Amino acid sequence: MVPHVENVHDEKTARELEAELHTEILPGTEVMTDVGSHHFVKGAHHTVLVPQPSADPHDPLNWSTPWKIACITSAAVVTFTQGFGPLALAPMFPALMEAFECDLAGAVQFTGVCILVLGFSNFIWVPISTSFGRRPVYLASQLINFGTSIWRAKATSYNSFMGACVVNGIGAGPAETIMPAVIADIFFLHDRGKWNTLYWVVYMGSLMVGPIVSGSMAEAVGWRSFWWLNTALLGTSFLMVVGLFPETRFNREDVDMAGASLSAEVSETEKEEPTTIENTSTSASKPDSADRIQQVATASSALPNTEDLTLEETAARDPYLGRGTPGRWQWAVFQPNAHPFKSILMDLWIPWKLFAFPIVEFASFVVSWSCSCFLTINLTQSQAFAAPPYNWKPMAIGFQNFAILVGALIGLFTAGPLSDYISARSTRRNHGIREPEMRLPAMIPYVVIMFLGNIIVAVGYAQHWPWEAIVLLGYTFAGIQVAALPAISSTYAVDSYKPVAGSLFVSITVNKNVWGYGFSKFITPWAEEKGFVAPIMTNAALTLVFCSFGVVFWWKGKTMRRWTKHSKVHQM
């Protein structure tokens with residue numbers, strides 16, 4: 001079985017690289033440098049591109065920057081609009097309690113049930129995404145959300161509104177799984193950290209902005225108006241997918257790889273003498289010496305010196321890199337599949353299988369409990385600030401979420417670049433070999449921030465601290481950690497099991513949302529009976545415990561990847 005290394009495509013090459021590098025190449029291990037006679041397509045700054053793009057102008061990895069930006073923007077807007085409504089209810093709880101004649105615990109269940117259904121709905125969406133493409137998932141799910149938003153705006157009873165929440169949970173599932181798959185489709189390994197952080201900021205940011213808007217609208221123009229606004233946002237997002245989001249799922253095994261010929265062994269003469277590669281950007285006439293690029297072959301016993309690599313050399317290897325465009329077939333509503341039922345059944349099984357993989361379990365629990373630190377604030381802010389001594393109205397309570405949003409933006413601009421930088425530095429020290437575990441040390445500052453933020457919120461609620469301390473410090477810290485810890489841990493899991501990125505996020509989402517549903521069931525009565533410190537700090541302690549396992553994975557993560565190296569998930 002060939003190790004699934006994204007820039008190594010046959011077993012012979014893998015064995016040769018292992019012999020030259022004196023290291024074991026496991027799934028997730030990536031060769032980020034030329035080795036002996038093996039050369040790879042590179043981008044700017046001499047970075048080996050992982051995965052290696054194909055020699056196809058329609059390969060999403062080859063798309064031009066404007067097309068990639070249009071695509072990821074459309075995906076981000078879908079993610080934002082699908083998360084905007086489900087957790088926007090907290091500031092509206094008093095109004096919903098009055099409208100539907102229920103208590104606080106009953107109103108909280110509007111959020112809890114939606115979260116639970118949302119997680120399990122991805123057992124529908126991810127198989128469709130894998131079998132027929134990302135585009136039909138976005139189109140169908142946004143139509144469902146559009147309908148449920150109108151339903152919510154018109155609901156006149158508790159059961160009707162609850163029914164809309166359930167169906168909305170089904171429609172909003174892709175917000176938690178599809179954008180990470182799109183990122184893996186169109187961006188290279190060395191950029192995944194920052195783009196996955198963007199995903200978490202967009203998704204969690206929607207959960208933060210929603211209460212800000214809903215609180216203001218509930219007080220000023222009524223809670224139903226919020227759902228009409230939500231309907232308009234969903235309609236706009238649907239139109240963006242129609243016009244700006246081509247299909248990103250691409251089977252690179254069916255086309256020639258741009259760097260395939262570069263993996264062939266060079267002759268003894270080429271090993272001894274410099275070779276030249278013509279600049280493909282010149283005209284058809286014979287180029288002069290200025291138009292030729294000298295490439296010094298490397299000895300098999302040492303890593304190569306790539307200081308003289310130029311963009312022209314990269315273009316000679318992949319002429320479509322950065323210049324590709326979507327093909328007409330990529331605008332179809334769905335992509336044909338010769339064996340759809342087989343692939344769907346596999347996608348229904350794989351998420352459960354992944355629960356047995358230690359790295360997936362680690363990422364699932366870190367994401368689950370980090371997000372529950374944010375959910376804690378979402379479910380307790382009305383309970384804490386609507387009561388004495390604060391006596392705040394829904395609009396003021398909603399505005400508190402600006403602090404969480406600011407924290408998330410801080411996480412966006414620090415966590416992704418920090419984890420990518422730490423990985424790149426460790427890769428250089430490891431002679432150009434990247435291991436997924438190299439990004440885990442970036443979690444350390446955010447674990448500290450997470451725990452401090454929970455202490456400030458819990459004790460601040462209990463002791464009635466000034467709101468500035470609770471909101472400006474506690475809520476901001478919550479925003480920072482919820483953008484950083486899920487992004488770093490889930491990127492680690494994707495780097496280890498990239499072929500099943502979609503199914504991997506199903507595992508993470510189910511774990512996260514089952515816990516979120518349970519937490520929403522018991523946090524309100526627990527806080528009413530025991531105060532805020534017990535539930536909030538119990539949650540914080542569990543988050544700290546699961547994050548601390550990062551030390552174990554940094555030390556023995558490669559061993560755990562070795563346990564699953566023969567799994568069929570690497571061949572999907």
Side-chain angles (χ1 to χ4, degrees), residues 78 80-125 139-176 206-207 209-238 375 378-379 381-383 386 394-395 397-398 513-514 516-525:
V78 171
F80 182 89
T81 55
Q82 290 188 355
F84 184 71
L87 261 72
L89 299 180
M92 295 192 289
F93 284 157
L96 295 174
M97 291 163 61
E98 181 180 351
F100 300 126
E101 299 179 350
C102 64
D103 59 10
L104 177 59
V108 168
Q109 286 312 293
F110 289 138
T111 297
V113 169
C114 186
I115 289 174
L116 180 65
V117 175
L118 193 153
F120 283 93
S121 72
N122 282 297
F123 282 103
I124 301 172
W125 296 120
L139 291 172
S141 63
Q142 287 299 69
L143 284 178
I144 293 173
N145 291 319
F146 186 83
T148 60
S149 188
I150 296 174
W151 184 357
R152 290 216 210 197
K154 289 181 169 290
T156 56
S157 69
Y158 182 93
N159 288 336
S160 178
F161 195 85
M162 181 64 78
C165 292
V166 171
V167 180
N168 186 198
I170 295 173
E176 298 198 329
S206 70
L207 310 185
V209 173
I212 296 173
V213 178
S214 68
S216 301
M217 296 188 72
E219 185 173 335
V221 293
W223 63 269
R224 295 183 188 275
S225 297
F226 170 80
W227 295 106
W228 289 117
L229 171 65
N230 189 58
T231 302
L233 293 175
L234 289 165
T236 301
S237 173
F238 178 83
L375 183 63
N378 184 272
L379 297 178
Q381 57 185 191
S382 286
Q383 190 176 356
M395 182 181 296
I397 293 173
N513 288 18
V514 168
Y517 173 73
F519 201 55
S520 72
K521 291 285 286 186
F522 63 71
I523 187 172
T524 300

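The shown structure was predicted, so the numbers you read here are calculated from the model rather than taken from an experiment. As a basis for the values below, the full set of heavy atoms in this structure was taken, side chains included, without hydrogen atoms, waters or symmetry mates.
- Judged purely by atom type and a 3.5 angstrom limit, T81 uses its side chain to pair as donor or acceptor with the backbone of V78.
- With sequence neighbours left out, the side-chain hydrogen bond (donor to acceptor under 3.5 Å, both in side chains) criterion links Q381 to N401.
- F238 pairs by the ring-ring contact (aromatic ring centres under 6.0 Å, His included) definition with nothing, not counting sequence neighbours.
- The shortest non-hydrogen separation linking L207 to G83 is CD2-O, 3.0 Å.
- A172 pairs by the side-chain contact (heavy atoms from CB on, under 4.5 Å) definition with Q82, P86, L118, N145, N168, not counting sequence neighbours.
- Proximity of a side-chain donor or acceptor of R152 to a complementary backbone N or O of G85 within less than 3.5 Å is not detected.
- At distances below 3.5 Å, not a single donor-acceptor pair connects side-chain atoms of S237 with backbone N or O atoms of L233.
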All N/O donor-acceptor pairs, side-chain side in residues 107-116, below 3.5 Å, sequence neighbours left out:
none

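- Remark: N513 pairs with E176 by the side-chain hydrogen bond (donor to acceptor under 3.5 Å, both in side chains) rule, at least two apart or across chains.
- In this structure, the side-chain contact (heavy atoms from CB on, under 4.5 Å) partners of A153, at least two apart in sequence or on a different chain, are W227, W228.
- Taking each heavy atom of A220 and M395 in turn, the nearest pair found is CB-CE, 4.4 Å.
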Show me the donor-acceptor pairs, under 3.5 Å and distance only, between side chains in residues 157-164 and residues at least two apart or in other chains.
from, atom 1, to, atom 2, distance (Å)
S157, OG, S160, N, 3.2
Y158, OH, G106, O, 2.9
S160, OG, W151, NE1, 3.0

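- Partner of L234 under the side chain to side chain contact (heavy atoms under 4.5 Å, CB included) criterion, chosen from N230, T236, T231: N230.
- Residues passing the side-chain hydrogen bond (donor to acceptor under 3.5 Å, both in side chains) test with S216, sequence neighbours excluded: none.
- Nearest heavy atom pair, residue Q383 against residue T524, reads NE2-O, 3.7 Å.
- Under the ring-ring contact (aromatic ring centres under 6.0 Å, His included) criterion, F80 pairs with F84, not counting sequence neighbours.
- With hydrogens and angles disregarded, a donor-acceptor distance shorter than 3.5 Å links the side chain of W125 to the backbone of I170.
- Every residue two or more places apart in sequence or in another chain was checked for a ring-ring contact (aromatic ring centres under 6.0 Å, His included) with F93, and none qualifies.
- Residues forming a side-chain hydrogen bond (donor to acceptor under 3.5 Å, both in side chains) with S121 (at least two apart in sequence, or on another chain): none.
- Summarising the geometry, atom OG belonging to S214 is positioned 4.5 Å from atom CE belonging to M92; distances are rounded to the nearest 0.5 Å.
- Residues passing the side-chain contact (heavy atoms from CB on, under 4.5 Å) test with S382, sequence neighbours excluded: I397.
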